[in-house]
2 protein chains.
Amino acid sequence: MHESLKSSLAGKIKLSDEQWTFVFSLFKPKTTKRNELLLEKGKVSQYLLFVVKGCLRVFLIDDNGNESTRFLIFEGRFGTAFPSFTLRQPSAAAIQSIEASEILMISYHDYQTLLDIVPGWERMTRIGLEMDYIDSIVRIESLISMDAKQRYNILMEKNPKLIQRLPNKIVADYLGISQETLSRLKSSTQVRKSASPEDGKR
Amino acid sequence: MHESLKSSLAGKIKLSDEQWTFVFSLFKPKTTKRNELLLEKGKVSQYLLFVVKGCLRVFLIDDNGNESTRFLIFEGRFGTAFPSFTLRQPSAAAIQSIEASEILMISYHDYQTLLDIVPGWERMTRIGLEMDYIDSIVRIESLISMDAKQRYNILMEKNPKLIQRLPNKIVADYLGISQETLSRLKSSTQVRKSASPEDGKR
DNA sequence: TGCTTTTATTGACTTTTGTCAACGTCATTG
DNA sequence: CAATGACGTTGACAAAAGTCAATAAAAGCA
């Protein structure tokens, strides 16, 4: 299970066998059921998570029960309720495993240890943060400058797997739109399946 | 002018006089006029900018001429077209100084030098990135889970200076809404100035 | 200062998206 | 295999926000 972590990091940091062993010792494995809650809203996120298999979502839920998906975390990626984990504050968001998943968890304390004592870990983290930050900037741009249809088309282009793999409900609140709107977008965008390659008459 | 940079960083990193001198040597001062363009869309952002005085905005402009403000950078803060600067790619966004400003500029190359040779610089950068990333996550949340009025109220609460200081036009496209909608929000939110403290009758 | 240009407000109307409700489909399971 | 429940689609309507246009106000500039 730790092999997945190693292959994910291998291109980004060079460690000795002893160092890998040490790193692995801090990441605790866990398996989750479908829909299992990993972090409740209001609690401090104590762990950074690495997804070996499956998929997690970090989401908000307002007073009316409306959910908004802040992030999705797929295989080979790290994630947590980042503001809570970083600032040691109660989380506005909850974390749930959408599918039965295998994950590795490292505590805040142990993560600081890695930053302090593993040469190159801080650099790797800095570069990883840059990439995550860029992703979030791109997402902000799409939210402030595009309508729902454009956002959907771009997601379709850049990440069709996400759309195929996840229930509509979750894709919709990731895009910041209602489920019904997404459903309508899909049917209006869709190439008509029934039309034959050559067209009727000939 | 470099003193402003020093006081901004002083709490975050400890450097010797020689190190400060070296850092200062890499940040080149520049003064800008109101509305001066600092980076054109399509060019690679070569500099990280530090605002000593004034205000910059990083903004997108679509084919119809609609502008969206990705970020605002005030006194004492760093900023650039981050994805472009980091990935060395043509920028989707442009940078403009909203007010006549004094800034310090450091090139990509020199910034990498600081990361490589100044002890503690990478850590400071990593922590700064965490904070910027958190800000962007909070902004994403507000965009996917709130309507225009809620977003405006929160901005009003958290950053009233921004609303007072900047033209409506820019506040509006920072919020991802039209100028007219912002104008209506303002007048509907506003406490009626004409109403007397006690009410009419009595 | 007075003139010009930009910015802000308001009204009327359109478009987009949300909400509520009904219904269909599919998978699960008792 | 029928019943249940979750998910997806569709329609009708409501609410939110955008667009266009006219005007007012303010800010910058000569």
Side-chain angles (χ1 to χ4, degrees), chain A residues 33-36 55 57 59-69 96-100 142-153 155-156 162-190 192-194, chain B residues 32-36 54-55 57 59-69 96-101 142-156 162-190 192-194:
Chain A
K33 293 181 209 140
R34 194 174 123 84
N35 290 334
E36 183 172 337
C55 175
R57 72 169 178 144
F59 67 105
L60 302 167
I61 180 160
D62 73 12
D63 305 335
N64 302 323
N66 294 315
E67 297 183 355
S68 316
T69 295
Q96 184 186 39
S97 77
I98 299 180
E99 308 170 354
S142 76
L143 290 167
I144 59 178
S145 68
M146 297 175 189
D147 63 19
K149 177 151 208 166
Q150 290 174 295
R151 296 206 296 278
Y152 172 75
N153 287 341
L155 186 62
M156 193 64 173
L162 189 151
I163 294 176
Q164 291 152 17
R165 179 169 172 179
L166 299 178
N168 252 355
K169 196 179 153 72
I170 289 173
V171 175
D173 67 51
Y174 178 73
L175 288 168
I177 61 179
S178 72
Q179 195 184 157
E180 293 93 333
T181 297
L182 176 59
S183 177
R184 289 184 241 266
L185 286 178
K186 278 188 164 181
S187 56
S188 75
T189 301
Q190 206 170 78
R192 217 153 315 291
K193 287 176 213 149
S194 48
Chain B
T32 72
K33 294 181 208 141
R34 193 176 121 81
N35 288 335
E36 184 172 336
C55 175
R57 72 168 177 143
F59 67 105
L60 302 167
I61 180 160
D62 73 12
D63 305 335
N64 303 324
N66 295 315
E67 296 182 357
S68 316
T69 295
Q96 184 185 41
S97 76
I98 299 181
E99 308 171 352
S101 304
S142 76
L143 289 167
I144 59 178
S145 68
M146 299 175 188
D147 64 19
K149 178 151 207 165
Q150 289 174 295
R151 296 206 295 279
Y152 172 74
N153 287 343
I154 285 182
L155 186 63
M156 194 65 172
L162 189 153
I163 293 176
Q164 291 152 18
R165 179 169 172 179
L166 298 178
N168 252 354
K169 196 181 152 71
I170 288 173
V171 175
D173 66 53
Y174 178 73
L175 287 169
I177 61 179
S178 72
Q179 194 183 154
E180 292 93 332
T181 297
L182 176 59
S183 178
R184 289 184 240 264
L185 287 178
K186 277 188 164 181
S187 55
S188 77
T189 302
Q190 207 170 78
R192 218 153 313 293
K193 287 175 211 153
S194 49

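The figures that follow rest on heavy atoms only: side chains count, while hydrogens, waters and symmetry mates do not. In the text below, chain A, chain B and the rest are named by the order of the sequence lines, each starting its count at 1.
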Peer 1: Grab the CG-P distance between N168(B) and dT6(C) for me, whole Å please.
Peer 2: 17 Å
Peer 1: Between N or O atoms, less than 3.5 Å apart, protein on one side and nucleotides 20-26 of chain D on the other: list the pairs.
Peer 2:
residue	atom	partner	partner atom	Å
dC20(D)	N4	E180(B)	OE2	3.1

Peer 1: Using modelled atom types only, decide if a donor and an acceptor are shared between the side chain of R57(B) and the backbone of I98(B) within a distance under 3.5 Å.
Peer 2: no
Peer 1: Side chain of S97(B), backbone of A100(B): donor and acceptor closer than 3.5 Å?
Peer 2: no
Peer 1: Across the strands shown, which category fits I177(A) at heavy-atom distances under 4.0 angstrom: base, sugar-phosphate, nothing?
Peer 2: sugar-phosphate
Peer 1: From CG of D173(A) over to P of dG8(D), roughly how many Å is that when rounded to an integer?
Peer 2: 11 Å
Peer 1: May I have the distance from N35(A) (atom CG) to dG5(D) (atom P), rounded to whole angstrom?
Peer 2: 16 Å
Peer 1: With rounding to the nearest 0.5 Å, note down the distance linking OG in S142(B) to CG in N153(B).
Peer 2: 12.0 Å
Peer 1: Choose from dG18(D), dA8(C), dT9(D) the nucleotide whose nearest atom is closest to any side-chain atom of S178(B).
Peer 2: dG18(D)
Peer 1: Just compare dT16(C), dA8(C), dT9(D) and give me whichever is closest to any side-chain atom of K169(B).
Peer 2: dA8(C)
Peer 1: Working note: I144(A) + T69(B), criterion side-chain contact (heavy atoms from CB on, under 4.5 Å); need CA distance, chi angles, decisive distance, verdict.
Peer 2: CA-CA 8 Å; I144(A) 59 178; T69(B) 295; 5.9 Å; no
Peer 1: What is the separation between atom CG on L182(B) and atom P on dG18(D), rounded to the nearest whole Å?
Peer 2: 10 Å
Peer 1: Rounded to the nearest 0.5 Å, what's the gap from OG on S68(A) to CD1 on I61(A)? Could you check?
Peer 2: 9.0 Å
Peer 1: What is the distance from CD1 of I170(B) to P of dA8(C), rounded to the nearest Å?
Peer 2: 9 Å
Peer 1: What is the separation between atom CG on L175(B) and atom P on dA16(D), rounded to the nearest whole Å?
Peer 2: 17 Å
Peer 1: Which nucleotide in the list dA8(C), dT9(C), dT9(D) gets nearest to the side chain of S183(A)?
Peer 2: dT9(D)
Peer 1: What I'd like to find out is whether the side chain of D62(A) reaches to under 4.5 Å of the side chain of E67(A), using heavy atoms alone.
Peer 2: no
Peer 1: In whole angstrom, give the distance that lies between atom CG of L185(B) and atom P of dG18(D).
Peer 2: 9 Å
Peer 1: Would you give the length of the straight line joining atom CD1 of I170(B) to atom CG of D173(B), rounded to the nearest 0.5 angstrom?
Peer 2: 7.0 Å
Peer 1: Taking 4.0 Å as the cut-off, does a side-chain nitrogen or oxygen of S187(A) come that near to OP1 or OP2 on dT10(D)?
Peer 2: yes
Peer 1: If you only use heavy atoms from C-beta on, which nucleotide in dT7(C), dT10(D), dT16(C) is closest to the side chain of P167(B)?
Peer 2: dT7(C)
Peer 1: Would you call E99(A) and K33(A) a salt bridge, using N to O less than 4.0 angstrom?
Peer 2: no
Peer 1: Roughly how far apart are I177(A) CD1 and L185(A) CG, rounded to 0.5 Å?
Peer 2: 5.0 Å
Peer 1: Starting from the first five and the last five pairs of the helix from dT1(C)-dA30(D) to dG30(C)-dC1(D), work out the angle between the resulting helix axes, to 10 degrees.
Peer 2: 40°
Peer 1: Atom CD of Q179(A) and atom P of dT17(C): how far apart are they, to the nearest Å?
Peer 2: 17 Å
